[in-house]
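Inspection log for the structure reproduced underneath, given as structure tokens.
Hydrogens, waters and symmetry mates play no part in the numbers below; they use all other heavy atoms, side chains included.
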Amino acid sequence: MSFVAVATLDELIPEIPLAVDEHEIAIVLHRGEYFAIHNLCSHGHVPLSDGDVEDGSIECYLHGSRFDLRSGRALCLPATEPVNVYPVQIDDQQVLVDLDHPITEFQES
């Protein structure tokens with residue numbers, strides 16, 4: 001896997017998504033776990049990093065679609081298509097994401 005550094009731990013605030021525009025992802029610290037998710041809603045194409053994080057999901061602020069942080073699965077309408085999620089590792093205060101290998105199995109969480 002080819003992990004790249006996208007942020008440092010001190011940049012993350014629990015439940016507040018961090019946009020990493022260079023890679024079109026959002027990093028989320030939720031309930032002590034780190035997640036990387038494609039930053040554009042599959043329905044409205046607006047930044048998910050502007051939405052709320054709750055109960056293992058992130059909400060698109062524009063139309064209310066929610067996406068599972070683990071699988072990227074669309075949890076409610078109007079979105080019907082998933083978004084990519086990526087493996088995350090923490091190494092020496094760095095948040096590393098494997099952008100070359102999105103998790104493509106959109107399974108029930």
Side-chain angles (χ1 to χ4, degrees):
M1 292 188 179
S2 52
F3 284 86
V4 296
V6 297
T8 59
L9 292 182
D10 63 351
E11 293 178 88
L12 299 176
I13 299 168
E15 317 315 323
I16 306 294
L18 173 68
V20 182
D21 294 331
E22 175 184 352
H23 299 293
E24 296 182 351
I25 61 172
I27 304 298
V28 179
L29 171 56
H30 177 60
R31 296 181 180 164
E33 292 186 69
Y34 298 89
F35 300 94
I37 190 166
H38 184 70
N39 197 26
L40 289 180
C41 173
S42 62
H43 168 260
H45 305 287
V46 297
L48 292 175
S49 58
D50 291 339
D52 293 327
V53 173
E54 183 177 295
D55 296 327
S57 67
I58 189 167
E59 181 181 42
C60 176
Y61 77 91
L62 190 58
H63 297 116
S65 294
R66 295 193 76 79
F67 297 90
D68 185 274
L69 288 169
R70 290 185 191 285
S71 69
R73 185 171 54 93
L75 299 174
C76 65
L77 297 173
T80 58
E81 296 297 317
V83 294
N84 282 339
V85 293
Y86 303 89
V88 176
Q89 290 182 353
I90 305 301
D91 184 29
D92 194 28
Q93 301 297 309
Q94 294 285 316
V95 179
L96 308 173
V97 176
D98 186 354
L99 298 166
D100 293 331
H101 298 95
I103 299 167
T104 56
E105 295 180 10
F106 302 107
Q107 301 173 352
E108 299 286 326
S109 315

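- For the pair Q94 and T8, the tightest heavy-atom approach, listed with the atom from each and the gap, is NE2-CG2, 3.3 Å.
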Could you list the donor-acceptor pairs under 3.5 angstrom formed between side-chain atoms of residues 18-31 and any protein atom two or more places apart in sequence or on another chain?
unit_1: H30; atom_1: ND1; unit_2: E15; atom_2: OE1; d: 2.4
unit_1: H30; atom_1: NE2; unit_2: G56; atom_2: N; d: 2.9
unit_1: R31; atom_1: NH2; unit_2: D55; atom_2: OD1; d: 3.1

Inset, instruction - Would you check, one step at a time, whether the test salt bridge (charged side-chain N to carboxylate O under 4.0 Å, His left out) holds for R70 with E33? - result: CA-CA 10 Å; R70 290 185 191 285; E33 292 186 69; 2.6 Å; yes
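- Of all heavy-atom pairs spanning F67 and A79, the tightest one is CZ-CB, 3.6 Å.
- A distance of 12.5 Å separates OG of S42 from CZ of R73, quoted to the nearest 0.5 Å.
- Rounding to the nearest 0.5 angstrom, the gap separating the CZ atom in F35 from the CD1 atom in I103 is 9.5 Å.
- E59 CD to C76 SG: the interatomic distance, rounded to the nearest 0.5 Å, is 7.0 Å.
- V95 places a side-chain heavy atom less than 4.5 Å from the side chain of V88.
- For the residue pair S2 / D100, a side-chain donor-acceptor distance below 3.5 Å is found, with atom types taken as modelled.
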Inset, instruction - Begin from the C-alpha positions of V46 and C60 and carry the test side chain to side chain contact (heavy atoms under 4.5 Å, CB included) through to its verdict. - result: CA-CA 7 Å; V46 297; C60 176; 3.2 Å; yes
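- For the atom pair CG (N39) and CG (N84), the distance works out to 12.5 Å, reported to the nearest 0.5 Å.
- Residues L96 and V4 form no side-chain contact, since every pair of their non-hydrogen atoms from C-beta on lies 4.5 Å or further apart.
- The shortest distance between side-chain heavy atoms of V83 and I37 falls below 4.5 Å.
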Legend entry - Verdict with supporting geometry, E81 and H43, side chain to side chain contact (heavy atoms under 4.5 Å, CB included): CA-CA 7 Å; E81 296 297 317; H43 168 260; over 6 Å; no
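- When all heavy atoms of P102 and Y86 are compared, the closest pair comes out as CB-CE2, 3.5 Å.
- The CG atom of D98 lies 8.0 Å from the CD atom of Q89; values are rounded to the nearest 0.5 Å.
- Tracing side-chain contacts under 4.5 Å through hydrophobic residues (I, L, V, M, F, W, Y), one reaches L12 starting from V6; they form part of the same cluster.
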Inset, instruction - Go through the steps for V53 and L69 under the test side chain to side chain contact (heavy atoms under 4.5 Å, CB included), then give the verdict. - result: CA-CA 9 Å; V53 173; L69 288 169; 4.1 Å; yes
